[in-house]
Protein chains: 2
Amino acid sequence: MRITQPRIAILTFLINRGEPTSIEQIHGHLAVGSCDLVTVYRCLAAFEGIGIVRRSFYHNGTSLYEINLGDTNRYHVVCKTTDRVVPIDPELTAELRQTIGKIEENLHAQGYTGVTHVAEFFGIAPAPNRGANVTVPTP
Amino acid sequence: MRITQPRIAILTFLINRGEPTSIEQIHGHLAVGSCDLVTVYRCLAAFEGIGIVRRSFYHNGTSLYEINLGDTNRYHVVCKTTDRVVPIDPELTAELRQTIGKIEENLHAQGYTGVTHVAEFFGIAPAPNRGANVTVPTP
DNA sequence: TTGAGTGCAAAGGATTTGCAGGTTC
DNA sequence: GAACCTGCAAATCCTTTGCACTCAA
């Protein structure tokens with residue numbers, strides 16, 4: 001896997017962002033003309049393949065990508081109105097992670113390989129929460 | 001909401017199937033010519049709207065639909081190779097449901113409305129498990 | 001009767017693929 | 001220099017929309 005300008009740009013962006021982000025948004029935030037939309041698709045697929053990014057889904061089925069920091073899974077609520085992504089309460093996240101871990105273990109025990117999962121919450125954020133300093137799109 | 005032939009057929013199929021199923025598969029299992037693919041899309045959207053079916057996603061982002069039996073959420077593993085759907089261990093399902101319930105409560109408490117979630121597991125089933133009597137496509 | 005539902009065709013949006021030209025190693 | 005990567009264009013796949021017709025209520 002070669003280190004190229006577009007890949008550096010995409011990865012840098014994802015690291016700074018630290019949240020599931022749509023391909024369009026990723027592409028939109030890269031310097032104009034620095035990287036084709038198709039290249040973003042291809043790079044993210046490659047990144048997912050080697051495990052440095054994780055893919056999840058928006059409630060309409062389109063893809064979201066985020067940096068994969070080991071198994072420190074994070075879970076989020078995505079606002080259906082604004083697309084803003086807010087992390088779930090840490091304690092509950094820990095609990096969820098634990099339960100999901102058990103399930104994945106159980107599946108491995110049954111002989112499943114390459115087990116992955118997707119867990120997303122969607123809802124309409126209360127107006128005051130919208131635009132919180134959680135997700136400030138990098139200009 | 002009117003009771004029509006296509007709706008009866010789709011609902012009957014989903015009830016018998018009892019598992020998340022793709023639109024294509026649903027359409028493919030209905031009597032040929034009995035219902036247009038577009039109608040399947042529209043019916044499922046309508047069913048989802050009134051809450052009698054639930055939507056989830058396959059690992060490639062396409063939709064899966066299943067009958068919504070109250071709030072007795074069920075969670076599944078989808079085999080990436082065969083698309084077969086197998087329910088998660090009941091105890092673990094209960095635990096997962098409980099945790100997710102807490103998270104949704106927490107979100108409501110924060111002011112979120114219309115909270116929904118998606119939780120899916122994907123993996124490659126061990127060969128002996130493939131073709132288990134879990135998902136017998138209705139002829 | 002009459003408006004919700006349907007089928008067909010065509011549009012739309014997201015993602016993938018083909019191929020020539022560029023860039024990394 | 002060779003292989004991998006990129007950009008552009010076009011194709012593909014899934015899903016939605018428009019419109020005239022049909023059918024359940």
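What you are looking at is a predicted structure, and each value in this text was computed from that prediction instead of being measured. Residue numbering restarts at 1 for every chain, and letters A, B, ... go by the order of the sequence lines.
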- Comparing B:Ile23 with B:Met1, nearest DNA chain D nucleotide closer to 5' gives the residue B:Ile23

- Contact nearer the 5' end of DNA chain C, comparing B:Cys43 with B:Arg2: B:Arg2

- Message: In whole Å, I'd like the distance from the OH atom of B:Tyr65 to the C1' atom of D:dT15.
- Response: 9 Å

- Task: Could you tell me the separation between the CG atom of A:Leu44 and the P atom of C:dA14, rounded to a whole number of Å?
- Result: 15 Å

- In whole Å, what is the span from the NE2 atom of B:His27 to the P atom of C:dT6? 13 Å

- Task: Take atom CZ of B:Phe57 and atom P of D:dC13, then tell me their distance rounded to the nearest Å.
- Result: 21 Å

- Would you mind reading off the distance between B:Tyr58 atom OH and C:dA14 atom C1', rounded to a whole angstrom? 19 Å

- If you check every side-chain atom of A:Glu24, which of D:dA25, C:dA14, D:dA9 has the closest atom? C:dA14

- Query: Which part of the nucleic acid does B:Ser22 contact within heavy-atom distance under 4.0 Å: base, sugar-phosphate only, or nothing?
  - Reply: nothing

- Query: After noting the C-alpha distance and the side-chain angles of B:Asp83 and B:Tyr58, does the key distance pass the side-chain hydrogen bond (donor to acceptor under 3.5 Å, both in side chains) rule?
  - Reply: CA-CA 9 Å; B:Asp83 289 10; B:Tyr58 191 47; 2.3 Å; yes

- Presence of donor-acceptor pair under 3.5 Å, side chain of A:Arg42 and base of C:dG18: yes

- Message: What's the closest nucleotide to the side chain of B:Asp36 if the choices are C:dG7, C:dC25, D:dA9?
- Response: C:dG7

- Distance below 4.0 Å between A:Arg7 side-chain N/O and D:dC5 OP1 or OP2: yes

- Query: Can a side chain N or O of B:Thr4 be found less than 4.0 Å away from OP1 or OP2 on C:dT6?
  - Reply: yes

- Query: How close or far is atom P of D:dT15 from atom CD of B:Glu48, stated in whole angstroms?
  - Reply: 12 Å

- Message: I need the CD-C1' distance between B:Gln5 and D:dA25, as an integer number of Å.
- Response: 15 Å

- Item | Polar side chain donor-acceptor pair, B:His117 to B:Glu104, under 3.5 angstrom | yes

- Can you see which heavy atom on B:Arg54 is nearest to which on B:Ile67, and at what distance? NH2-O, 4.0 Å

- Query: Is any side-chain nitrogen or oxygen of A:Ser63 closer than 4.0 Å to OP1 or OP2 of C:dT15?
  - Reply: yes

- Message: With a 4.0 Å cutoff (strictly under), does any side-chain N or O of A:Tyr41 reach OP1 or OP2 of C:dT16?
- Response: no

- Note on the structure: note: A:Leu37, atom CG; D:dA9, atom C1'; distance rounded to Å ~ 13 Å

- Measure across A:Leu30 and A:Ala9 and return the closest heavy-atom pair with its distance rounded to 0.1 Å. CD2-O, 3.8 Å

- Query: Nearest of D:dT17, D:dT15, C:dT24 to any side-chain atom of B:Thr62?
  - Reply: D:dT15

- Hey, what do you get for CD1 (B:Ile23) to CD1 (B:Ile10), rounding to the nearest 0.5 Å? 8.5 Å

